[in-house]
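Below is one structure, written out as structure tokens; comments come after it.
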Amino acid sequence: MSNALRNYGDRMQSARILVCDEEYGLRQLLRALLTNAGYVVDEAENAQACFAQVALSEYALVLLDVALMGTDGVTVVQSLRALGYMMPVVALTAMSHPQTIIAMLDAGADDYVIKPFDSGELLARIRAVLRRQAFNNPVIVAGGGDIVVNLHTQEVLVGTRSIALTPTEYALLATLARHVGKVVSHAELLAAVWGDESSHDHEYLKVYMWHLRRKLEPDAGRKSKYVINEWGVGYRLSS
């Protein structure tokens, strides 16, 4: 396995989870359980704290109590989705009535666990949800395994380095990544990033591609092994 892919896998293993439950003792139990399983854990005791936390940190998953004081889990999930937060939500509920579970799933929850729960089952459900999330969020490996592009989080790794790209540089790399190993023409790249009206401005493209290549390979000199310039045609991200 490449360093880039191994590093990305390590990050998934230490995914950050938000536990939102008004019961302090249960939060502490879940913190211990999840920390021992390799996750990073934050806590929220109510809906307001939950919204404040997700605004500050990027979470791989939220464990959400259905019966929060002053509101309910259905409303919290609906609000998270309306605000554009698409991280998976696993509902914790002491109520086994089908209508409660259906309401949570319809609101946008990804799974549920009924209290009292078995620790092994809860961890298994979390792993399953995170696997589905990873499957639905394409991660493209290129450059002979050296480059990882996560099209969902917009994270770019080269080996063990996390690369900071401008929005334009990332848009160019993402376009190449979606066609990894194939030549993308100048006109296609310009249209994808700047719109059809810019499809003939090849010199403009050349400047941005130069900066992108220098960030991916700061010591490559004049020739890049990752972003290949196919003269007169376009660019190709090596597979």
Would you give the length of the straight line joining atom [atom1] of [X] to atom [atom2] of [Y], rounded to the nearest 0.5 angstrom?
{"X": "Leu29", "Y": "Glu23", "atom1": "CG", "atom2": "CD", "result": "9.0 Å"}
{"X": "Met104", "Y": "Asp72", "atom1": "CE", "atom2": "CG", "result": "8.0 Å"}
{"X": "Leu105", "Y": "Asp110", "atom1": "CG", "atom2": "CG", "result": "8.5 Å"}
{"X": "Leu92", "Y": "Leu30", "atom1": "CG", "atom2": "CG", "result": "6.5 Å"}
{"X": "Glu155", "Y": "Leu157", "atom1": "CD", "atom2": "CG", "result": "4.5 Å"}
{"X": "Ile17", "Y": "Ser57", "atom1": "CD1", "atom2": "OG", "result": "13.5 Å"}

Quick check: is [Y] connected to [X] through a chain of hydrophobic side chains (ILVMFWY, heavy atoms under 4.5 Å apart)?
{"X": "Leu83", "Y": "Leu64", "value": "yes"}
{"X": "Val76", "Y": "Ile102", "value": "no"}
{"X": "Val183", "Y": "Trp210", "value": "no"}
{"X": "Met86", "Y": "Leu18", "value": "no"}

Quick check: does any side chain N or O of [X] sit under 3.5 Å from a backbone N or O of [Y], one acting as donor and the other as acceptor?
{"X": "Arg81", "Y": "Tyr85", "value": "yes"}
{"X": "Thr93", "Y": "Val66", "value": "no"}
{"X": "Asp21", "Y": "Arg27", "value": "no"}
{"X": "Lys215", "Y": "Ile163", "value": "no"}

Hey, does [Y] have a side-chain heavy atom less than 4.5 Å from the side chain of [X]?
{"X": "Leu173", "Y": "Leu216", "answer": "yes"}
{"X": "Val193", "Y": "Leu205", "answer": "no"}
{"X": "Leu212", "Y": "Leu165", "answer": "yes"}
{"X": "Val41", "Y": "Val19", "answer": "yes"}
{"X": "Glu169", "Y": "His211", "answer": "yes"}
{"X": "Ile140", "Y": "Asn150", "answer": "no"}
{"X": "Pro88", "Y": "Val62", "answer": "no"}
{"X": "Leu130", "Y": "Leu61", "answer": "yes"}

Arg213 and Glu217 ion-paired at < 4.0 Å: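 Salt bridge between Arg213 and Glu217, a charged N being under 4.0 Å from a carboxylate O: no.
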Residues Asp65 and Lys115 bridged, charged N to O under 4.0 Å: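 Result for this pair is yes, salt bridge flagged.
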Trace of the side chain to side chain contact (heavy atoms under 4.5 Å, CB included) decision for Ile147 with Val141: CA-CA 6 Å; Ile147 296 177; Val141 181; over 6 Å; no
Side chains of Glu43 and Gln53, donor plus acceptor under 3.5 Å: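 Looking only at side-chain atoms, Gln53 and Glu43 do not form any donor-acceptor pair under 3.5 Å.
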Pair Leu176-Val149, side chain to side chain contact (heavy atoms under 4.5 Å, CB included): steps then yes or no: CA-CA 10 Å; Leu176 292 172; Val149 181; over 6 Å; no
Intermediate values then yes/no, side chain to side chain contact (heavy atoms under 4.5 Å, CB included), Leu63 and Leu34: CA-CA 11 Å; Leu63 276 176; Leu34 296 170; 3.9 Å; yes
Give me the atom names and distance for the closest heavy-atom approach of [X] to [Y].
{"X": "Ser239", "Y": "Gly181", "result": "CB-CA, 4.1 Å"}
{"X": "Ala60", "Y": "Ala15", "result": "CB-CB, 3.5 Å"}
{"X": "Arg125", "Y": "Tyr112", "result": "NH1-O, 3.5 Å"}
{"X": "Ala142", "Y": "Val180", "result": "CB-CG2, 3.6 Å"}
{"X": "Ala49", "Y": "Asn46", "result": "N-OD1, 2.8 Å"}

Worked check of side chain to side chain contact (heavy atoms under 4.5 Å, CB included) between Phe117 and Leu123: CA-CA 10 Å; Phe117 51 81; Leu123 291 174; over 6 Å; no
Partner residues of Ala107 under the side-chain contact (heavy atoms from CB on, under 4.5 Å) criterion, sequence neighbours left out: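 side-chain contact (heavy atoms from CB on, under 4.5 Å) check on Ala107 returns Val74, Val77, Gln78.
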Heavy-atom neighbours of Gln48 CD exceed 12 at 6.0 Å: no
Selection residues 172-185 - residue pairs positive for side chain to side chain donor-acceptor pair (under 3.5 Å), sequence neighbours left out: Ser185-Glu188
Which side-chain N or O atoms in residues 226-235 pair as donor and acceptor under 3.5 Å with protein atoms at least two apart or in another chain?
from: Tyr226; atom 1: OH; to: Asp146; atom 2: OD2; distance (Å): 2.7
from: Glu230; atom 1: OE2; to: Arg236; atom 2: NE; distance (Å): 3.1
from: Glu230; atom 1: OE2; to: Arg236; atom 2: NH2; distance (Å): 3.1

